[in-house]
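The basis for the numbers below is simple: all heavy atoms, side chains too, and nothing from hydrogens, waters or symmetry mates. Numbering of residues begins at 1 and proceeds along the displayed sequence.
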Amino acid sequence: MNEILAKQLAIDFCTDVNSILSKENVFTEYKQLEGRRIFKEGECYFKAASVNGKIVASGRKDIIQWAREKFKTENGAWFMDMGCLHNLEDGLLKFHCRIGQAHPFYIATEKSDVDTKDYDIKIFIGDELEQFRGDKRFGEAFIFDGLPKDEIGIGAYKDGRLLGMAGATSDSDRMWQIGINVMPEAEGLGIGTMLVAAIKNEILDKNRLPFYGTAMSHIASQRVALGAGFVPAWSELYCEAIKH
């Protein structure tokens, strides 16, 4: 297992690296530890990862106690199969919660040779990204929501038209997440894979681990990740309160 990822998951799930690397499922009471990956802050009811063939979960004390008893012997490789997800959601309902999202995640540790000769490539850093704030074409590439922070954008232009944009957010100091948007008229040209590989290289140059998350049903997005040199690393879900 990648060392950086193991250290990050240990912080995110309030445990230690040895527990992440062990074969035993891990269930911990959640605390906001320094260095955690930041998405939207707020109460963590329950979140879980399937990684290294095991379950790593953290959450509110009463929910995590229930989850430990329910899933302590569950095979982590099958934890996000629909049968387990139904059992999880049925139990969460007792705590007025439900599954919010579940995603596979990919990481990359090596740079790629990227052929950009057919396009004009522009890199945007820091305040240069502000020109794209409010541009609905780039809802996956950029967040513009304070935390995590948008760090880098890489756009592909042809004949003065912007055909695609990859962005990276500093979800933690160790790991930066990549998002990608390709304009409808440019789909199928390989621009998404090219830009994700290019921004991956930039992140690795900054000594951060690039990672890429997508929907379980978004096969095209998963192909982009694989084509850009990423490999599957873990799956993760979180739950949210049911609003009445």
Side-chain angles (χ1 to χ4, degrees), residues 1-9 37 39 51 103-129 131-132 135-144 148-236:
M1 184 178 181
N2 179 269
E3 181 180 357
I4 295 174
L5 177 59
K7 289 179 178 178
Q8 187 64 63
L9 292 177
R37 280 179 297 139
F39 301 103
V51 59
H103 296 293
F105 286 94
Y106 299 72
I107 62 170
T109 58
E110 296 182 0
K111 295 176 68 173
S112 299
D113 293 327
V114 186
D115 182 2
T116 61
K117 67 178 185 299
D118 293 329
Y119 303 96
D120 295 321
I121 303 299
K122 296 183 180 180
I123 299 177
F124 307 92
I125 299 174
D127 291 341
E128 295 173 341
L129 299 174
Q131 62 191 287
F132 302 108
D135 192 328
K136 295 181 180 179
R137 296 178 299 170
F138 305 118
E140 299 296 330
F142 304 123
I143 295 176
F144 293 121
K149 181 183 177 183
D150 296 288
E151 299 282 357
I152 309 173
I154 299 184
Y157 293 77
K158 191 162 189 175
D159 300 326
R161 292 188 303 129
L162 179 54
L163 298 181
M165 178 72 73
T169 55
S170 49
D171 289 35
S172 77
D173 189 54
R174 290 184 173 89
M175 294 176 60
W176 288 14
Q177 183 168 195
I178 295 171
I180 179 70
N181 288 105
V182 176
M183 300 304 98
E185 66 271 21
E187 291 178 354
L189 300 178
I191 291 174
T193 299
M194 176 188 70
L195 288 174
V196 169
I199 202 165
K200 172 196 74 173
N201 290 349
E202 294 290 324
I203 295 170
L204 289 170
D205 282 343
K206 297 181 182 298
N207 296 316
R208 267 67 173 186
L209 180 67
F211 74 107
Y212 182 107
T214 187
M216 293 184 181
S217 58
H218 202 327
I219 303 303
S221 181
Q222 294 175 35
R223 286 176 175 166
V224 166
L226 295 171
F230 285 75
V231 297
W234 83 103
S235 295
E236 187 169 335

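The local environment of CD in Gln222 is crowded, with over 12 non-hydrogen atoms from other residues, nucleotides or ligands closer than 6.0 Å. The number of heavy atoms from other shown groups lying within 6.0 Å of CD (Glu187) is above 12. The neighbour count for Glu110 CD, taken as heavy atoms of other residues, nucleotides or ligands under 6.0 Å away, does not exceed 12.
Ring geometry for Phe105 versus His103: interplanar angle over 60°, hence perpendicular rather than tilted (30 to 60°).
A distance of 9.0 Å separates CD1 of Ile199 from CH2 of Trp176, quoted to the nearest 0.5 Å. Rounding to the nearest 0.5 Å places CE of Met175 at 6.5 Å from CG of Leu9. Interatomic distance, Trp234 CH2 to Asn2 CG, rounded to the nearest 0.5 Å: 9.5 Å.
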Would you mind writing out the side-chain donor-acceptor pairs for residues 153-165 within the sub-3.5 Å range, not counting sequence neighbours?
none

Identify each donor-acceptor pair in which a side-chain atom of residues 226-233 lies under 3.5 Å from a protein atom, sequence neighbours left out, and give them as a table.
none

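Annotation: salt bridge (Lys or Arg N to Asp or Glu O under 4.0 Å) contacts of Arg223 (sequence neighbours excluded): none. Considering only residues two or more places apart in sequence or on other chains, Asp113 meets the side chain to side chain donor-acceptor pair (under 3.5 Å) condition with none of them. A search for salt bridge (Lys or Arg N to Asp or Glu O under 4.0 Å) contacts involving Lys117 returns Asp115, not counting sequence neighbours. For Asp173, the side chain to side chain donor-acceptor pair (under 3.5 Å) partners two or more places apart in sequence, or in a different chain, are Arg208.
Judged by distance alone, the side chain of Tyr212 and the main-chain N or O of Ala108 form no donor-acceptor pair under 3.5 Å. The backbone N or O of Phe142 sits nowhere less than 3.5 Å from a side-chain atom of Asp150 that would complete a donor-acceptor pair. Checked by atom type and distance alone, the side chain of Ser172 pairs as donor or acceptor with a backbone atom of Arg174 at under 3.5 Å.
Scanning all heavy atoms of the two residues, the minimum distance from Gln177 to Asp171 falls at NE2-OD2, 2.9 Å.
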Kindly determine whether Leu195 and Tyr119 satisfy side-chain contact (heavy atoms from CB on, under 4.5 Å), including the steps that lead there. CA-CA 11 Å; Leu195 288 174; Tyr119 303 96; over 6 Å; no

Would you check, one step at a time, whether the test side-chain contact (heavy atoms from CB on, under 4.5 Å) holds for Lys111 with Asp205? CA-CA 9 Å; Lys111 295 176 68 173; Asp205 282 343; 2.9 Å; yes

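Remark: Lys122 does not engage Glu128 in a salt bridge, criterion side-chain N to carboxylate O under 4.0 Å. The residues Glu3 and Lys7 are annotated as salt-bridged, a charged nitrogen and a carboxylate oxygen being separated by less than 4.0 angstrom.
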